[in-house]
Each structure stands twice: as structure tokens, then as C-alpha cells.
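Report on the following structure.
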Amino acid sequence: MTLFDINPSAVAQVGRGELPFDEPGGAPVLARVAGNTLQATTDPARVAEAEHVVIVVGTPVDEHLNPEPQAVPKAVAAVAEHLRDGQLLILRSTLYPGVTAMVEKLVAGLGKDVDVAFCPERIAEGKAMTELFELPQIVAARTERAMERSAKLFRTLTSQIVPLAPEEAELAKLFTNTWRYIRFAIANQLYMIANDFGLDFERIRGAMAHDYPRAADLPGAGFAAGPCLLKDTMQLAAFNNNNFTLGHAAMMVNEGLPLYVVHRMEQRFDLGAMTVGILGMGFKAGSDDPRDSLSYKLKRILRFKAAEVLTTDPHVRSDVELVPLEEVLARADLLVIGTPHPAYAELEPRQPVVDIWDLYGKGVAV
Ligand SMILES: NC(=O)c1ccc[n+]([C@@H]2O[C@H](COP(=O)([O-])OP(=O)(O)OC[C@H]3O[C@@H](n4cnc5c(N)ncnc54)[C@H](O)[C@@H]3O)[C@@H](O)[C@H]2O)c1
């Protein structure tokens, strides 16, 4: 297997057998295969050697929340001269609806006999090494041959193949992330309602779910962030001509939560005279990925309001402003849990902690 990537430092790192990011269970596997059965390269010509070409480039929205439907077609176009008859091209990025058809058209225009399929990645970061083998795989293609070839390839990972039409699969992936994002928003809004009335959301949620399965799937409150949920909700909104009331409402609730938290903190503390420490900058517990983490929005707001803001994280490596946990615990007057990393669960800080995640089970956070 060959990994082709335009990022030379990531390629060099993978070539040395080092993961560029944390993924539990991934490091020993990479160490075993790197340089043996797995080659990493920046040379696009190597694409010609593959029978199956899997494309999984990023498909973010821009700073104005617009999708970039050309991201995947551009990546295909960049290697088009190296595609050859008999290959199966699998799109695995989360796609703006209609992009599979765009790529099919692009490939047809090359005059090469290349099959195209869309088989979305559905793993969650941090669970890849188990979910890759446990999750059913959605497989979508226009032709019987592309369907059969894709199903055969993914049967090496999982026993369950779920066939769909490409347009159905594009929506299935966006609906999945949007559904999750809206569920977090409902929890966050209910949390704010309870909190505003001085009531303990976690206690209420626990009572709701107690031997009552119809309420058991209400998530806890917390910063719903990261590189997928918001951007895929916004891709769906753009696809539906900006008509997505629930999706936009979910964004306002989830993206508004750091502002709500700081507003509540201002009511209780003299923030302007305090050093505030944020524990956790990754976008979710246990993750080293700071992309689109709401801890950074929290930091920006607190920088404006507090005397000083200190940030720490045991996993994130890419942030030069992080300081050691001990320094934050020693210097901060007030702590906020940005990310409920397991490492924080055992702490017994001397200062007040704003804990919307209820990591410490102490009820009303602020
Ligand atoms: N990260 C996840 O856990 C996850 C889960 C499910 C779905 N997805 C989807 O998978 C896709 C990729 O996500 P990601 O988080 O890995 O993105 P990423 O931006 O972290 O990684 C994409 C990689 O593609 C490389 N790249 C960009 N353009 C390229 C090109 N033209 N040719 C070759 N390589 C190129 C980049 O250098 C980078 O290494 C997105 O559509 C995302 O929504 C991601």
C-alpha cells in the first residue's frame, strides 16, 4: 500500500513509522508496516501503481462557512494524468452533495476506464482502530461493477456492506454528523435553561434516563466542536439553499456556549482581577486535535475579560502558548474545564472550577 500526500513533513514522519497525530492502537501497527508493506510518498506518479485509489483529502468549510465543492475534484484532477484503465477510484472524504457526480464527469472526460465510488469514512477520531473493523461500510456507486469492487475491498475490513446511491450516501454522511451536532445543541440548551434557574442539569438528566430508555440518549452538556460536526451541518445548510433552521439554531447554541459560560462567570467573579486557567484545549476528551476546538473561543473571550489566561493540555502538541498543568494549578485564581480529558478527573484543585461537563459531579457549574 502506498500513501500519497502533498505534505512532505507528514510523509517523512509516516515514512519513519511515526503517526502525525495520536490514534490509540495506531502506533504499533504503523511501526510494523512503515517501510515494509506501507510506503509514504509525495510523488503523484505512484498513484498509477495502485489498483484501488482512495481519496480522503480534507473538505472543510471556509471562514464564512461556505463549502468548497472543488476540494475533492481538484485533488483528483491533480493526479488525473496518473490514473489508468482498470483502477477503482474511491472517494472517502465527506462530500458536498453532488461531488461524486462531478468526479464521475471529470473521470469520464479523461477517456480512461476508471470506476468511481463514494464510500464515506464514518469512524470517530480516537476510535479508528476498532471502528474501522466494526462499523458497517456504506458503499455507493453508479455501476454494478464499481459497487461490487468497492464492496469486495471493504469486506476485508468489515462484514457489513450497506449499498446506497451516491446522492443518498452523500446525504447519509451529512445527516449523520448533523444529527449528532443537533443532539449536542439540545443538551446544551437544556443545560443553560437548568443552569439559569440554579438547577443541576446532570441530576435532572440522570433522573430522566433512570430506567427510562426513551430519554436515555440525551447527551451531557459540553463544547460540541471539532473539524466535522459544525462544518458538515453548514455543508447541508448550503446544499439546501441556506434553509436549515434546526442546523443554524444548533450552531448558535453550540457556538454560543463559551460566551454563555463567560457571561455567567462575570456575574459571579471579578474576572478583570483574576488569572483564569483553561484545562484542555483539544476538541474532545483524550484527543490531541485542537482543530475548531471551542476551548480556543473560550480563551479568546476570556483574554478580553480576565486579567490573564493560562492554557494547558496533556495531549495537544501544536500550541506554543500551552503551559504545564502544574503552573496553571499554581497560578490560576479560577479554572475552567475546556476539555474533560481523563487526566483531569483525579484532580482536586484548590480554586473554584467552572465545569460544564460535570467532570467532578458537583452540579451547577457557574
Ligand atoms: N478525521 C476524522 O476522524 C474523520 C472521520 C470521518 C470523516 N472524515 C472526513 O475525512 C476527510 C479528511 O479528514 P481529515 O481530518 O483526515 O483531514 P486532514 O485535512 O487532517 O487530512 C487530509 C490530508 O490530505 C492531504 N492532502 C490535501 N490535499 C491533497 C492532495 N491534493 N493530494 C494528496 N493529499 C492531499 C493533507 O496534506 C492531509 O494530510 C474529510 O472530508 C473529513 O470530513 C474525517
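First listed ligand is number 1; within each ligand, the first listed atom is number 1. Side chains included, hydrogens not; waters and symmetry mates left out as well; all remaining heavy atoms used. Since we're looking at a predicted model, the values are computed, not measured.
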message: Determine whether Arg331 and Glu308 satisfy the following criterion, salt bridge (Lys or Arg N to Asp or Glu O under 4.0 Å), listing intermediate values before the conclusion.
response: CA-CA 10 Å; Arg331 291 186 46 215; Glu308 191 184 5; 2.7 Å; yes

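- The N/O atoms of Lys231, backbone and side chain alike, include one that comes under 3.5 Å of an N/O atom in ligand 1.
- Of the possible donor and acceptor atoms, none in the side chain of Glu255 sits under 3.5 Å from a partner among the backbone N and O of Met252.
- At least one donor-acceptor pair closer than 3.5 Å links the side chain of Thr158 to the backbone N or O of Leu135.
- Under 4.0 Å from ligand 1, not a single heavy atom of Lys127 appears.
- The closest non-hydrogen atom to atom 32 (N) of ligand 1, taken over Leu91, Ile6, Thr94, comes from Ile6.
- Of the protein's non-hydrogen atoms, the one nearest atom 31 (N) of ligand 1 is Ala75 CB, 3.6 Å.
- A salt bridge links Glu321 with Arg303: the closest approach of a Lys/Arg side-chain nitrogen to an acidic carboxylate oxygen falls below 4.0 angstrom.
- The single protein non-hydrogen atom nearest to atom 22 (C) of ligand 1 is Gly58 N, 3.7 Å, given as residue, atom name and distance.
- At least one heavy atom of Arg291 sits under 4.0 Å from some atom of ligand 1.
- Below 3.5 Å of separation, one finds no N or O of Arg92 facing any N or O of ligand 1.
- Under 4.0 angstrom from ligand 1, the non-hydrogen atoms of Ser93 come from both its backbone and its side chain.
- The N/O atoms of Lys173, backbone and side chain alike, include none that comes under 3.5 Å of an N/O atom in ligand 1.
- Checking only distances, Arg122 never comes within under 3.5 Å of ligand 1, N or O to N or O.
- Of the N or O atoms in Glu121, none lie within a sub-3.5 Å distance of an N or O in ligand 1.
- Taking the side-chain hydrogen bond (donor to acceptor under 3.5 Å, both in side chains) definition, one finds that Arg180 meets it with nothing, sequence neighbours left out.
- Panel note: side chain Thr312, backbone Val323; a donor-acceptor pair is recorded below 3.5 Å.
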